[in-house]
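Note that the structure is predicted; figures quoted are calculated from it, not measured. Sequence lines set the chain letters: A, B, ... in the order given, protein chains first and strands last, and positions in each chain run from 1.
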Number of protein chains: 2
Amino acid sequence: MDKDKIDKKDHILDVAEKIFAEQGYDGASTRSISGEAGVNMAMLNYYFGSKEGLFIAVFERKISSFRTLIQNIGNDDSKSAWAKLEWCIDSYVERIMSNSCFQKLVNRELSLNKRSDLTEKLTPILMTNVLEFKKIIQEGVDKGLFYEDTDVELAITTIFGTKNYIINSPHMVSLMLGYDVTNEAIMETQLKPRLKIYMKRLLKSYLVKQQ
Amino acid sequence: MDKDKIDKKDHILDVAEKIFAEQGYDGASTRSISGEAGVNMAMLNYYFGSKEGLFIAVFERKISSFRTLIQNIGNDDSKSAWAKLEWCIDSYVERIMSNSCFQKLVNRELSLNKRSDLTEKLTPILMTNVLEFKKIIQEGVDKGLFYEDTDVELAITTIFGTKNYIINSPHMVSLMLGYDVTNEAIMETQLKPRLKIYMKRLLKSYLVKQQ
DNA sequence: CAAAATTAATCAATCGTTTGATTAATTTGC
DNA sequence: GCAAATTAATCAAACGATTGATTAATTTTG
């Protein structure tokens, strides 16, 4: 069946994504990937052409699954800029924290600047989220809801930076918070709600004029 | 002379630090390091025992140079908690942004959890900075200067997260800010002052009660 | 049976490391 | 003080292991 083939490729991609995220591109060998996936090594090249092809494929799959998720709430005029921002923060925390394995992979790949072709492919994707936030914050500033001296761009680096720090340095963060943030249940019941509350209060006090 | 030997080892460490930061541990070959350093390959093993030994040595050197820089301003009672925090932000931005190459290396190494021995060695070092900030913020809360519902720990993840995001994703940040943040001059004249102002205003509005 | 999928075996290239030899510098013995 | 002995530094070459990739043979599938 065709289904089986797709399932198999998908299974390989699952394993590859995990191992790439854990060990990095160079650290992950095609043998370990094929071994963990339970397939012959040659199948990776048969399906994906090369190791780099497999790597790209991991990204393409996730990217296409992200594209459908990108919402455009910015043009909705029934909500205030702050209400939009609250919504974006909630959905962003919810969404990203559930893909931390892949996020880690993306961040590491961007910090190395090898594979500039991949960087160029990833940048516009990640930029859509950036621009989504930027549009909303800028709207708040323009309409006088947010402080005029707001540093819009750096405010965005704080949103992404705080999130990335938790994802990329879970060991440090776990020590700081006193519980294991890599634990799925804790992530869901403790970290996510706490992070949502925090991010909203942080940005509200920085941005919103009257409180 | 002994001086020459130390200089030579130091030169190798300089090159190794740069290449490790650029290409990652696995991506950096001993051949490329020795080649760029202009020394015979065998010298790396002669001096540092192994590739991993060289890697560790890069860290140890920087760590020991950091240790002397760690200030203890927390116990100074002549300044308010907010004044202390301002000072810490300024010096932290100043110091860290000038070592972005090494910082990148640290962050990537922590996101992979290989070499857990190195992680365990790095953690307490990085934690001293964390605890420095925590002590000050906690003091502000306890003395009623800062809001009672402050999330002290996540506030710290924001400080470090914002900084790391700029360091780890300079390509994205450059696109956002409209100038190349990896450029030394721009970093010094534009980014550093801007980041200091921003971080202080962000945390002031989140933390400090009367304004 | 033909096409696609899968396998084991093998490829050249590169990896980190080690070797034995050579040179330079330092210490020792008289 | 100066040859002899010892140590340290450096080198080219080669090591075995592992890498990603490919081949040719085999099995599965429709």
Test of understanding: with salt bridge (charged side-chain N to carboxylate O under 4.0 Å, His left out), list the residues that count as partners of A:Asp151, not counting sequence neighbours.
B:Arg194
Under 4.0 Å between a side-chain N or O of A:Tyr46 and OP1 or OP2 of C:dA5?
yes
Pair B:Tyr198, A:Thr157: side-chain N/O donor-acceptor within cut-off below 3.5 Å
no
Does a salt bridge link B:Lys196 with B:Glu86, judged by any charged N lying under 4.0 Å from a carboxylate O?
no
Rounded to whole Å, please give me the gap between CE in A:Met43 and P in D:dA21.
15 Å
Over how many whole Å does the gap from A:Phe48 atom CZ to D:dA21 atom C1' extend?
16 Å
Show each protein N/O and nucleotides 13-18 of chain C N/O combination with a separation under 3.5 Å, one pair to a line.
| residue | atom | partner | partner atom | Å |
| --- | --- | --- | --- | --- |
| C:dG16 | OP1 | B:Ala28 | O | 3.3 |
| C:dG16 | OP1 | B:Lys51 | NZ | 2.6 |
| C:dG16 | OP2 | B:Thr30 | N | 2.8 |
| C:dG16 | OP2 | B:Thr30 | OG1 | 3.1 |
| C:dG16 | N7 | B:Arg31 | NH1 | 2.8 |
| C:dG16 | O6 | B:Arg31 | NH2 | 2.9 |
| C:dT17 | OP2 | B:Asn45 | OD1 | 3.4 |
| C:dT17 | OP2 | B:Lys51 | N | 2.7 |

Any side-chain N or O of A:Tyr47 under 4.0 Å from OP1/OP2 of C:dT6?
yes
Output the rounded distance in Å from CD1 (A:Ile19) to P (D:dT19).
12 Å
Is A:Asp26 salt-bridged to A:Lys114, going by a charged N under 4.0 Å from an acidic O?
yes
Are B:Phe133 and B:Phe160 an aromatic pair, judged by ring center distance below 6.0 Å?
yes
Do the side chains of A:Lys18 and A:Glu36 get close enough for a salt bridge, i.e. N-O under 4.0 angstrom?
yes
Report yes if a side-chain nitrogen or oxygen of B:Lys8 is closer than 4.0 Å to either non-bridging phosphate oxygen (OP1 or OP2) of D:dA9; otherwise report no.
no
If I take atom NE2 in residue B:His11 and atom P in nucleotide D:dT10, what distance separates them, rounded to the nearest angstrom?
12 Å
Return the orientation label for the B:Phe20 and B:Tyr25 ring planes: parallel under 30°, perpendicular over 60°, tilted otherwise.
parallel
Taking only Lys NZ, Arg NE, NH1 and NH2, and the carboxylate oxygens of Asp or Glu, determine whether B:Arg95 and B:Asp90 approach each other closer than 4.0 Å.
no
Looking at A:Gln103, A:Glu188, A:Glu184, A:Lys192, which hits side-chain hydrogen bond (donor to acceptor under 3.5 Å, both in side chains) with A:Ser98?
A:Lys192
Send over the distance from B:Leu44 CG to D:dA9 C1', rounded to a whole Å.
14 Å
Using five base pairs at each end, measure the axis-to-axis angle across the helix from C:dC1-D:dG30 to C:dC30-D:dG1 and round it to 10 degrees.
20°
